[in-house]
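Here's the structure we're looking at; comments come further down.
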Amino acid sequence: MILELRTPIKDEDIYALKAGDVIHITGKMVTARDAAHQKALGFRKEGKEIPVSLEGLAVFHCGPIVKGKEVIAAGPTTSTRMESLEADFIREFNVKVIIGKGGMGDKTLKALEENTCVYCSFTGGCGVLASNGIKSIEKVIWLEELGAPEALWVFNVERFGPLIVSMDSHGRSLYKEVEERARERLKDYFKE
Amino acid sequence: MGKDKIIEGIAEAIKKSVIGLPDDVLSALEEAYEIESSETAKTQFKAIFENIEMGAREVKPLCQDTGTITFYITAGSSSPFLSEFEDILTKATRRATEITPLRPNTVDPFTHKNVGDNTGRYIPYINWEITGGEEIDLWVLPKGGGSENSTALAMLSPGLGVDGVKKFVIEHSSKVIGRTCPPVVIGVGISGVADLSIKLAKKLLLLPIGKRNEDPKIAELEVEIMNAINGLGIGTMGLGGDTSVLDVKIDYSHRHPASLAAGVAYECWCDRKAHLKIKPNGEVGMIE
C-alpha cells in the first residue's frame, strides 16, 4: 500500500500502517540525533519545555549539510545509536513517525506499539533525494552548542520519501525478520 | 604559486569524489539490481540510482555524511612538494569543505566542539608511504561514519588458522552490515600485528570492485566469504535481499608465531574515492 500522510499525524492513520507499506510525508519534520535526543529528554526531566512542539510529527535521524537557507544533502544516519533513548523520546514527545536507517531494537518496537508510532526506513546514502523533499527550513534549535550535524532542524517537507514502514505499531519489524533468518542461515552454513 | 594550484586541484578532487561514484561501483550496483529478486530491495536500488542521478544533475554530495577525509599517499622522495604536503592536504580539506560543501565532521571528544572545517588533531587522516621518484600518488577516501563504525579487529588463536579468520569475518558481518548501508565492500587484513591488520583491510577498499587477489587460494577465499554473506539474505539496506556485499578483498602480512590478527573494514554502497597524481611541476592530474 502506498500512502501519503500529513502532519500532525493521527493515531488511526498510524494504526492502519503495516510493515512493508510505502509512505510519503507532507508537513513538519524535525531532525534529532544522539545529542538532540539527550538534550530534549534532559529538558523534560527538569520540567522545561523544548522550543518546538513535536506532537504528531515525524522525527528524522539525520545530520544534514546546510548552506545558508538551503538543505544540500539530508539522508538518514544509523538509528541504533538512538536505541537507548528512543522509547522515552516517543513517549515524552508523542511523535508519530521515526525515520532512519538500519532499524531499531526491541525496546523501541515495544514503544511503537504502546504509543501508536511507526519506524520508517529512508534509503541510506541518498542525501540529495532526501533534500529534494525538504522545501524549507522553519528553524534550527541548539545549533551553537551541538553543531550543525547534531542540532535540531525543523523542516517543512512535501511528499518526503519513499519511506518503507519497516517497524509497525503492531509489533512487526522487517529487520528482526531478516536478522532471524540470517541467524538461522549462518548456523546452517557452519554446520555443513 | 605552485602550492595554491595543488591545493585547489586536490580540493576539486575531494568535491568530485563525494558527488559522483567511480564506474566500477556504478556497474556493480547495476549488476546487483539486475539479479535482485526482493521487491523491497529493488525499491532501495531505485532510490540509490535516483539519488546518483540527482547528485550529478544538482552537483550535490550523494550522502550528507561526507566522512572523515582520509588520504593514502605514495610519495616520491624527490617530489619538490614533500615537506609542505601535509599543510597542502589540510588546506585542501578546508577548501573542499567550503566549495562542495562538505558536512563539518571533526568534533573534539572532550568538549564536543565541532571545528567546522573538517580539520583537527591528526585530521585529515594521512597515511604515508615513501618511494623513489618525483611524483606523488594520492588517494582520497571520504570515509563515512556508518561504515567506519562496523570496523572490527579479532586477535585470534593462531591454531584457528585462516578458517578462524573466515568465520570471524562472516559472523561479524552478519551482525553489522545491515547498518553499514549495504551492499558493501569488505576489506580483510590478516596479520600478527593488530593495527597493521586494520590498515591492510582499509587500504583494500581503494581497489576496484571485481579485482581478485593474484594468489588463487586467496581469490577463492574472497569469493567464498562473499557468497556466504550474500547467502544470509540481509540485502540492500538490511531490509532483506540477494546482495549484501559487492566485493570482498583480502591482504596479509607475515605474522608473529603467537599472533593471528584479523582486521575487517567496510565501505558503504556510496563507495566514494578519487585518485590523483601530483607532478614535479605542480600539475594535479586525476586518474580515472
Side-chain angles (χ1 to χ4, degrees), chain A residues 19-20 22 31 35 62-68 70-81 100-104 121-132 143-151 161-164 166 174-175 177-179 181-186 188-190 192, chain B residues 18-19 39-40 43-48 50-58 60-66 100-105 107 112-116 144-146 149-150 167 170-171 174-175 178-182 228-229 231-241 244 268-270:
Chain A
V22 179
T31 69
C62 166
I65 301 178
V66 179
K67 190 181 186 185
E70 192 192 0
V71 181
I72 305 282
T77 191
T78 309
S79 297
T80 44
R81 289 205 317 277
K101 75 171 177 82
M104 302 192 74
S121 307
F122 189 92
T123 313
C126 293
V128 192
L129 182 64
S131 71
N132 271 259
L143 180 62
E144 268 306 299
E145 25 177 337
L146 302 182
E150 297 285 345
L163 302 163
I164 295 197
S166 49
L174 297 183
Y175 291 100
E177 290 168 15
V178 170
E179 277 161 26
R181 190 179 61 194
R183 253 200 310 276
E184 284 306 309
R185 289 185 180 179
L186 191 68
D188 290 344
Y189 179 81
F190 285 113
E192 278 161 16
Chain B
V18 299
I19 288 167
E39 284 308 314
T40 306
T43 64
Q44 301 302 296
F45 275 113
K46 280 183 195 150
I48 286 172
E50 201 182 341
N51 188 63
I52 292 170
E53 271 178 42
M54 281 179 168
R57 198 167 58 228
E58 298 176 23
K60 285 178 180 169
L62 295 171
C63 178
Q64 75 291 340
D65 181 3
T66 46
T100 312
L102 303 175
R103 192 176 74 185
N105 276 346
V107 176
H112 309 296
K113 260 281 175 227
N114 194 321
V115 181
N149 287 348
S150 294
K167 189 159 192 247
I170 296 171
E171 278 183 351
S174 77
K175 288 179 206 140
R179 312 193 277 271
T180 316
C181 284
I229 299 172
L232 301 177
I234 295 163
T236 308
M237 298 316 299
L239 288 161
S244 328
C268 45
W269 70 259
C270 199

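All chains are named by letter (A, B, ...) in the order of the sequence lines, taking the proteins before the strands, and each is independently numbered beginning at 1.
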Quick check for you: among [options], which has the greatest number of heavy-atom pairs under 4.5 Å with chain B?
| options | result |
| --- | --- |
| A:Cys62, A:Ala35, A:Ala74 | A:Ala74 |
| A:Gly102, A:Gly63, A:Pro64 | A:Gly63 |
| A:Pro162, A:Gly147, A:Pro149 | A:Pro149 |
| A:Leu129, A:Asn132, A:Val128, A:Thr77 | A:Val128 |
| A:Ala182, A:Cys126, A:Gly127 | A:Cys126 |

Nearest 0.5 angstrom please: [X] [atom1] to [Y] [atom2], how far?
| X | Y | atom1 | atom2 | value |
| --- | --- | --- | --- | --- |
| B:Met237 | A:Phe122 | CE | CZ | 10.0 Å |
| B:Lys113 | A:Glu145 | NZ | CD | 9.0 Å |
| B:Ile234 | A:Arg181 | CD1 | CZ | 9.0 Å |
| B:Glu50 | A:Thr123 | CD | OG1 | 9.5 Å |

Quick one: which of [options] has the most heavy-atom pairs under 4.5 Å with chain A, could you say?
| options | result |
| --- | --- |
| B:Gly116, B:Gly145, B:Gly233, B:Gly178 | B:Gly233 |
| B:Asp65, B:Ile52, B:Ile170 | B:Ile170 |
| B:Lys175, B:Glu58, B:Glu53, B:His112 | B:Glu58 |
| B:Cys270, B:Ala228, B:Gly144 | B:Ala228 |
| B:Arg179, B:Arg103, B:Glu39 | B:Arg103 |

Which portion of [X] sits near chain B, non-hydrogen atoms under 4.5 angstrom:
| X | answer |
| --- | --- |
| A:Asp188 | neither |
| A:Leu186 | both |
| A:Ile72 | both |

Over all atoms of both residues, closest heavy-atom pair of [X] and [Y]:
| X | Y | value |
| --- | --- | --- |
| A:Tyr175 | B:Gly238 | CD2-O, 3.5 Å |
| B:Lys60 | A:Ser131 | NZ-OG, 4.4 Å |
| B:Leu239 | A:Ser166 | CD2-CB, 3.9 Å |
| A:Gly124 | B:Cys181 | CA-SG, 3.7 Å |
| A:Lys67 | B:Pro101 | CD-CG, 4.1 Å |
| A:Ala73 | B:Cys63 | CB-C, 4.3 Å |

Item to check | Residue part contacting chain A, namely of B:Leu102, when any heavy atom lies under 4.5 Å | outcome: backbone
Checklist entry - Contact part of B:Lys167 toward chain A, heavy-atom cut-off under 4.5 Å: side chain, backbone, both or neither? => result both
Checklist entry - Any side-chain heavy atom of B:Gln44 within less than 4.5 Å of one from A:Ile164? => result yes
Checklist entry - Just by modelled atom types, is the B:Gly231 backbone N or O under 3.5 Å from a matching donor or acceptor in the A:Arg185 side chain? => result yes
Item to check | Whether B:Gln64 side chain and A:Gly75 backbone form a donor-acceptor pair below 3.5 Å | outcome: yes
Checklist entry - Between the side chains of B:Asn114 and A:Glu150, does any donor sit under 3.5 Å from an acceptor? => result no
Next on the checklist: Assess the residue pair B:Thr66 and A:Ile65 against the criterion (side-chain contact (heavy atoms from CB on, under 4.5 Å)); give the C-alpha distance rounded to whole Å, side-chain angles, the decisive distance to 0.1 Å, and a yes or no.
Outcome noted: CA-CA 9 Å; B:Thr66 46; A:Ile65 301 178; 4.0 Å; yes
